[in-house]
**Q** 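Structure provided below as structure tokens; questions to follow.
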There are 4 protein chains.
Amino acid sequence: MQFDNSPQAIYLQIVDYVCEKLLLKQWTIEDKIPSVREMAVKMEVNPNTVARAYDFLKQQSIIYDKRGIGYFISPEGLNNTISYRKQEFAEKELPGIFRTMYLLDVELDDLKTEFEKFKELYAKNQKLF
Amino acid sequence: MQFDNSPQAIYLQIVDYVCEKLLLKQWTIEDKIPSVREMAVKMEVNPNTVARAYDFLKQQSIIYDKRGIGYFISPEGLNNTISYRKQEFAEKELPGIFRTMYLLDVELDDLKTEFEKFKELYAKNQKLF
Amino acid sequence: MQFDNSPQAIYLQIVDYVCEKLLLKQWTIEDKIPSVREMAVKMEVNPNTVARAYDFLKQQSIIYDKRGIGYFISPEGLNNTISYRKQEFAEKELPGIFRTMYLLDVELDDLKTEFEKFKELYAKNQKLF
Amino acid sequence: MQFDNSPQAIYLQIVDYVCEKLLLKQWTIEDKIPSVREMAVKMEVNPNTVARAYDFLKQQSIIYDKRGIGYFISPEGLNNTISYRKQEFAEKELPGIFRTMYLLDVELDDLKTEFEKFKELYAKNQKLF
DNA sequence: GTGGTCTAGACCACC
DNA sequence: GTGGTCTAGACCACA
């Protein structure tokens, strides 16, 4: 995996990677996630960077640690992930989206049909994403 | 202006720059836009890159050229800009937005109040953006 | 300043140092606190360690940062400090205190007179502490 | 047992170890306590250090020695332990506790409910401590 | 093995 | 100058 030219900090990309796993139900409550060192090898980054990401996720109560054993998805992991990501979406993405929609005179209702189609398609083919 | 770490090709960023000027009504029909060389200096890029952007905009009938004089906003410039940008929005941005909303269980209706607030605020303070 | 033989992590000792300044009203709302590098020199530790402490305090909303300028005491800084320290006191100190009191058969009421005396004395001579 | 990073002198930690045994009723009047050499092995310290601790306890009339046989809990051992520890608590711990409580605006009455809960829990599970 | 902490030194963007 | 991020490599306590 490579992160080089992204504007997002690497440790936050690792945070998002874990969040995606949860949102896609690929990881669930009490699952052990890769150790700091494993993830560092997989992501080709310094272990410190992974540790920083995991520390961030721990503070969000998305994961917790058992010292000397590893990190695990916490019971409220999925809910906290959704909360965290909703806030990120509202603060970092929505303003840009709204601005574009405003300038192009697009209304939310104009997107309804397409969103419904998307949801249907996505639900069927989730494994492909 | 700097483009270094953006994922978007530089010439497309210049395309967007011109589109924004039109959407914000800062440039309008028959306005002369900066020459290729002027824009190249302003954007700190190679003139060839600007030429490529202007060529792209010409193909979209957003600008036209008078040989030896310069480039001008075409009569259908604003409409074509909106069409172009709507297509870009639908193809490049919407899928990601829909995916996020789906995973976070956010509905379009959940955004209505905020969008109205945004539009109100934006209309007032457009000069600031 | 030296931290070598304390069981507490250095970055948490720096956290406590800042908290004390707030609790003693030596630093107050909107005060600029020493820069990461200044504090690192003062405390004789690596700047990364100070950065970690400041990051912790930022997450507690005790301080906030202005990029390129420095860190400042946030408006809710004192309250959040008290909340944070109350929790630490309850979790880390109280159990040991209660155990000692239980084994020595000391009741809370037995301490009342002394606590009142302490408060009176402390309020007068706070500058000395 | 290890003492490395504790701020307390090692011989005083051994003193406290003996006191704890008495307070927890694990040792009682006329019990023979471990010999200096046994204790030195157990605590992984120099026998001189243990001797210093036992001498201190003898001066407090908590233990007494029968030449050539060993050290024993003295009849007033428990009471003297309590007296000794109460004084230590009042001189070494209370000031810090009072200072923290003062700065955090915590009153003794605020702790009553929790202390009662603690005592109840502790009385039940003493074997676990 | 695991996570937690710390140092040293580097580069970046922002002001 | 400021804070933010990242790497490299080290040592610790815990299990």
Side-chain angles (χ1 to χ4, degrees), chain A residues 1-18 30-59 61-74 92, chain B residues 1-6 44, chain C residues 1-18 30-59 61-74 92, chain D residues 1-6 44:
Chain A
M1 238 181 239
Q2 292 293 7
F3 300 104
D4 293 321
N5 277 326
S6 172
Q8 178 103 313
I10 293 176
Y11 84 94
L12 288 176
Q13 294 178 53
I14 296 173
V15 166
D16 282 343
Y17 175 84
V18 175
E30 301 301 346
D31 278 1
K32 184 179 181 305
I33 70 176
S35 78
V36 170
R37 287 165 179 87
E38 277 171 18
M39 187 66 98
V41 171
K42 179 176 190 172
M43 297 298 195
E44 299 173 41
V45 298
N46 190 286
N48 276 326
T49 304
V50 178
R52 194 172 177 184
Y54 282 12
D55 187 58
F56 183 92
L57 288 162
K58 190 170 70 175
Q59 276 157 12
S61 294
I62 290 170
I63 61 178
Y64 66 94
D65 70 304
K66 296 184 194 163
R67 293 279 286 260
I69 302 186
Y71 279 97
F72 299 82
I73 305 295
S74 69
K92 308 226 169 106
Chain B
M1 224 176 255
Q2 292 292 10
F3 300 101
D4 292 323
N5 276 327
S6 174
E44 299 174 39
Chain C
M1 240 182 237
Q2 292 292 9
F3 299 105
D4 292 322
N5 277 328
S6 173
Q8 177 103 312
I10 294 176
Y11 84 95
L12 288 176
Q13 294 179 54
I14 297 173
V15 165
D16 282 344
Y17 175 85
V18 174
E30 302 301 347
D31 278 2
K32 184 180 181 306
I33 70 176
S35 78
V36 169
R37 286 165 179 88
E38 277 171 18
M39 187 66 97
V41 170
K42 180 175 190 172
M43 297 299 195
E44 298 175 40
V45 298
N46 189 287
N48 277 327
T49 304
V50 178
R52 194 172 177 184
Y54 281 12
D55 188 57
F56 183 93
L57 289 162
K58 190 170 71 174
Q59 275 157 12
S61 294
I62 290 170
I63 61 178
Y64 67 93
D65 70 304
K66 296 184 194 165
R67 292 280 285 260
I69 301 187
Y71 278 97
F72 299 81
I73 305 295
S74 69
K92 308 226 169 107
Chain D
M1 222 175 258
Q2 292 292 10
F3 301 101
D4 292 323
N5 277 326
S6 175
E44 300 173 38

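Throughout, protein chains are lettered first and strands after them, A, B, ... in sequence-line order, and every chain is numbered starting at 1. No hydrogens, no waters, no symmetry mates; every other heavy atom, side chains included, goes into these values.
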**Q** A/R52 has an atom CZ; how far is it from atom P of F/dT7, in whole Å?
**A** 11 Å
**Q** Under 3.5 Å for both donor-acceptor distances, Watson-Crick or wobble: does F/dC14 have a partner, and if so which one?
**A**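 F/dC14 is paired, partner E/dG1.
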**Q** Could you check which of F/dG9, E/dG4, F/dC6 has an atom nearest any side-chain atom of A/A9?
**A**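 Ranking F/dG9, E/dG4, F/dC6 by closest atom to the A/A9 side chain puts F/dC6 first.
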**Q** Can you tell which of E/dT5, F/dT7, F/dG4 lies closest to the side chain of C/R67?
**A**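 Nearest to the side chain of C/R67 among the choices is F/dG4.
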**Q** Kindly indicate whether the side chain of A/D16, heavy atoms from C-beta on, has any atom under 4.5 Å from the side chain of A/Q8.
**A** yes
**Q** Across the strands shown, which category fits A/Y54 at heavy-atom distances under 4.0 angstrom: base, sugar-phosphate, nothing?
**A** nothing
**Q** Specify the closest pair of heavy atoms between A/P47 and A/V36, including all atoms of both residues, with the distance to one decimal.
**A**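 A/P47 and A/V36 have their closest heavy atoms at O-CG1, 3.4 Å.
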**Q** Hey, does the Lys NZ or Arg CZ of C/K66 hover above the aromatic six-ring of C/F72, less than 6.0 Å from the centre and inside 45° of the axis?
**A**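 Yes, a cation-pi geometry.
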**Q** Rounding to a whole Å, what distance do you find between C/M43:CE and E/dC6:P?
**A** 13 Å
**Q** Any donor-acceptor pair under 3.5 Å between the side chain of A/D55 and the base of E/dG3?
**A**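 Side chain to base: no pair below 3.5 Å.
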**Q** How many whole angstroms separate atom CE of A/M39 from atom C1' of F/dC6?
**A** 17 Å
**Q** I need the C/K32 NZ to C/Y71 OH distance, nearest 0.5 Å.
**A** 11.0 Å
**Q** Return the value, rounded to whole Å, for the distance between atom NZ of A/K58 and atom P of E/dT2.
**A** 16 Å
**Q** For C/Y71 and F/dT2, what is the distance between atoms OH and P respectively, to the nearest whole Å?
**A**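 Interatomic distance, OH of C/Y71 to P of F/dT2: 12 Å.
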**Q** Establish whether the base of E/dG4 is bridged to the side chain of A/N48 by a donor-acceptor pair shorter than 3.5 Å.
**A** no
**Q** From NZ of C/K66 over to P of F/dG3, roughly how many Å is that when rounded to an integer?
**A**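 The answer, rounded to whole Å, is 12 Å.
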**Q** Is there a donor on the side chain of A/D65 or the base of F/dC14 sitting less than 3.5 Å from an acceptor on the other?
**A**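 A donor-acceptor contact between them is absent.
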**Q** From the set F/dG3, E/dC15, F/dT7, return the single nucleotide nearest to any side-chain atom of A/I10.
**A**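 When the side chain of A/I10 is considered, F/dT7 is the closest of F/dG3, E/dC15, F/dT7.
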**Q** Please figure out whether A/R37 or A/T49 has its closest DNA chain F nucleotide nearer the 5' end.
**A** A/T49
**Q** Tell me: NZ of C/K32 to P of F/dG1, nearest whole Å?
**A** 13 Å
**Q** What is the distance from atom OG1 of A/T49 to atom CG of A/L12, rounded to the nearest 0.5 Å?
**A**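 Nearest 0.5 Å value for the OG1-CG distance: 11.0 Å.
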**Q** More 5' along DNA chain E: A/I69 or A/A51, using each one's nearest nucleotide?
**A**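 By nearest-heavy-atom nucleotide position, the 5'-most residue is A/I69.
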**Q** Taking the nucleotide of DNA chain E with the nearest heavy atom to each, does C/L12 or A/S35 sit closer to the 5' end?
**A** A/S35
**Q** With a 4.0 Å limit, can you tell me whether A/Y64 has a side-chain N or O closer than that to the phosphate oxygens OP1/OP2 of E/dG3?
**A**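 For A/Y64, the contact criterion (side-chain N or O under 4.0 Å from OP1 or OP2 of E/dG3) is not met.
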**Q** Considering non-hydrogen atoms only, spot the tightest contact between A/S74 and A/S61 and give its length.
**A**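 Here A/S74 and A/S61 meet closest at OG-O, 2.7 Å.
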**Q** Rounded to the nearest angstrom, tell me the gap between atom CG in A/N46 and atom P in F/dT7.
**A**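 The answer, rounded to whole Å, is 5 Å.
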**Q** Is the shortest side-chain N/O distance from A/Y11 to OP1 or OP2 of F/dT7 below 4.0 Å?
**A** no
